[in-house]
Amino acid sequence: MWKNWLFSEAVLSLPRSKKVAYIAVVTAFTIVANTFFEAKFFGVQFSLTIFVSVLSGIILGSLPGFCACFLGDLLGFFLHPLGEYSPFIGIATGLMAAIGALCAKLPLDFKGGAQLKLFVASTVILVVCTAGITTVYLNLVWYKSMTYWECLATRLFIEGQIWNSVANTVLLVVAVPPLALVKQLRIKI
């Protein structure tokens, strides 16, 4: 039973060597996304990290998705370092994949259920990863003079992180269901 919650059907159906290759390819994709897929727009940093992490989790499952995204964040930092590396950001990125994979398994098998699963995943990610782990880390290390709530409000509304989250949510809800129709990707949502 645990295998079904930790791994996707696609990963479970592969022989061991292909599992490793499949996970490695997705890890490489997360490295590229963390290294190159970001842009600043009026002080707001837009990235595809949430979209790529959730997609990775759905493709691989919660455990290998977590590992792929954590490694993607770590290795992406070495390719494109901005400031210091934080394992807490890597953990938050990995959890995005795990949350996406677990939400994809919710029993919402009706029209619009896939979009609802992705919306739920994005909402949980906003609370646990963005408002939780990442903001707590930044508050303890960089924004020490602020309370947690001041730091959260600054990140979401002044720095504009909320718009990045909204953009990634829209991208997930719009793009993942059609991607699930591509048989070679083996996306099950």
Side-chain angles (χ1 to χ4, degrees), residues 1-14 18-19 21-30 32-34 37-38 44 46-73 89-135 152 155-156 160-189:
M1 181 178 138
W2 285 104
K3 283 184 178 182
N4 292 331
W5 284 100
L6 297 176
F7 301 92
S8 69
E9 288 180 25
V11 170
L12 285 175
S13 68
L14 296 172
K18 286 187 179 181
K19 284 178 188 174
Y22 201 64
I23 294 168
V25 168
V26 174
T27 302
F29 180 58
T30 65
V32 170
N34 285 325
F37 295 164
E38 65 181 19
V44 180
F46 285 96
S47 73
L48 296 177
T49 302
I50 297 170
F51 173 76
V52 170
S53 296
V54 170
L55 186 59
S56 299
I58 293 170
I59 290 171
L60 298 175
S62 57
L63 180 62
F66 178 92
C67 295
C69 291
F70 182 85
L71 280 174
D73 181 69
I89 304 300
I91 290 168
T93 305
L95 280 175
M96 290 177 194
I99 290 167
L102 293 173
C103 286
K105 294 184 182 282
L106 291 172
L108 302 174
D109 300 324
F110 53 84
K111 185 175 180 166
Q115 289 85 353
L116 182 58
K117 292 176 191 182
L118 295 164
F119 181 77
V120 168
S122 291
T123 304
V124 173
I125 287 167
L126 178 66
V127 172
V128 172
C129 301
T130 304
I133 296 168
T134 307
T135 300
L152 179 63
R155 284 198 70 229
L156 292 180
Q161 180 61 39
I162 192 72
W163 302 116
N164 183 58
S165 294
V166 168
N168 274 272
T169 300
V170 169
L171 191 57
L172 279 169
V173 169
V174 170
V176 172
L179 285 173
L181 299 175
V182 179
K183 289 181 183 180
Q184 292 81 0
L185 292 176
R186 303 173 108 186
I187 296 172
K188 190 143 191 171
I189 185 155

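Side chains included, hydrogens not; waters and symmetry mates left out as well; all remaining heavy atoms used.
- The main-chain N or O of L126 is never found under 3.5 Å from a side-chain atom of S165 such that the two would form a donor-acceptor pair.
- In terms of modelled atom types and a separation under 3.5 Å, the side chain of N168 and the main chain of S47 share a donor-acceptor contact.
- Residue T27 holds its OG1 atom at 7.0 Å from CD1 of I23, rounded to the nearest 0.5 Å.
- One distance of note links CD1 of I99 with OG of S62; it measures 10.5 Å at 0.5 Å rounding.
- Evaluation of the side-chain hydrogen bond (donor to acceptor under 3.5 Å, both in side chains) test over residues 114-126, restricted to residues two or more places apart or in two chains, returns S122-T169.
- Taken from CG in L60 to CZ in F66, the straight-line distance is 13.5 Å, to the nearest 0.5 Å.
- Here the straight-line distance linking atom CG of L12 with atom CG of N4 works out to 6.0 Å at 0.5 Å rounding.
- In this structure, G100 and I58 approach most closely via the heavy-atom pair O-CG1, 3.8 Å.
- S56 places no side-chain N or O within donor-acceptor distance of the main-chain N or O of V26, the cut-off being under 3.5 Å.
- Between I162 and R155 there is no side-chain heavy-atom pair separated by less than 4.5 Å.
- A search for salt bridge (charged side-chain N to carboxylate O under 4.0 Å, His left out) contacts involving K188 returns E9, not counting sequence neighbours.
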From CA spacing to verdict: side-chain contact (heavy atoms from CB on, under 4.5 Å), L156, T130: CA-CA 9 Å; L156 292 180; T130 304; 4.1 Å; yes
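- To the nearest 0.5 Å, atoms OG (S13) and CZ (R186) are separated by 3.5 Å.
- When every heavy atom of F7 is checked against every heavy atom of K105, the shortest pair comes out as O-NZ, 3.8 Å.
- Put simply, the side chain of F37 does not reach to within 4.5 Å of the side chain of F46, judged on heavy atoms.
- For the pair T30/L71, no side-chain contact is recorded, criterion being any heavy-atom separation below 4.5 Å from C-beta on.
- Taking NZ of K3 as the reference point, atom OG of S8 lies at 13.0 Å (rounded to 0.5 Å).
- Across all non-hydrogen atoms, the minimal contact from A97 to C69 is CB-SG, 3.7 Å.
- Using a 4.5 Å cut-off on side-chain heavy atoms (C-beta onward), T93 and I50 make no contact.
- Nearest heavy-atom pair across L118 and L172 is CD1-O, 3.3 Å.
- Side-chain atoms of V54 and C103, non-hydrogen and from C-beta on, never get closer than 4.5 Å to each other.
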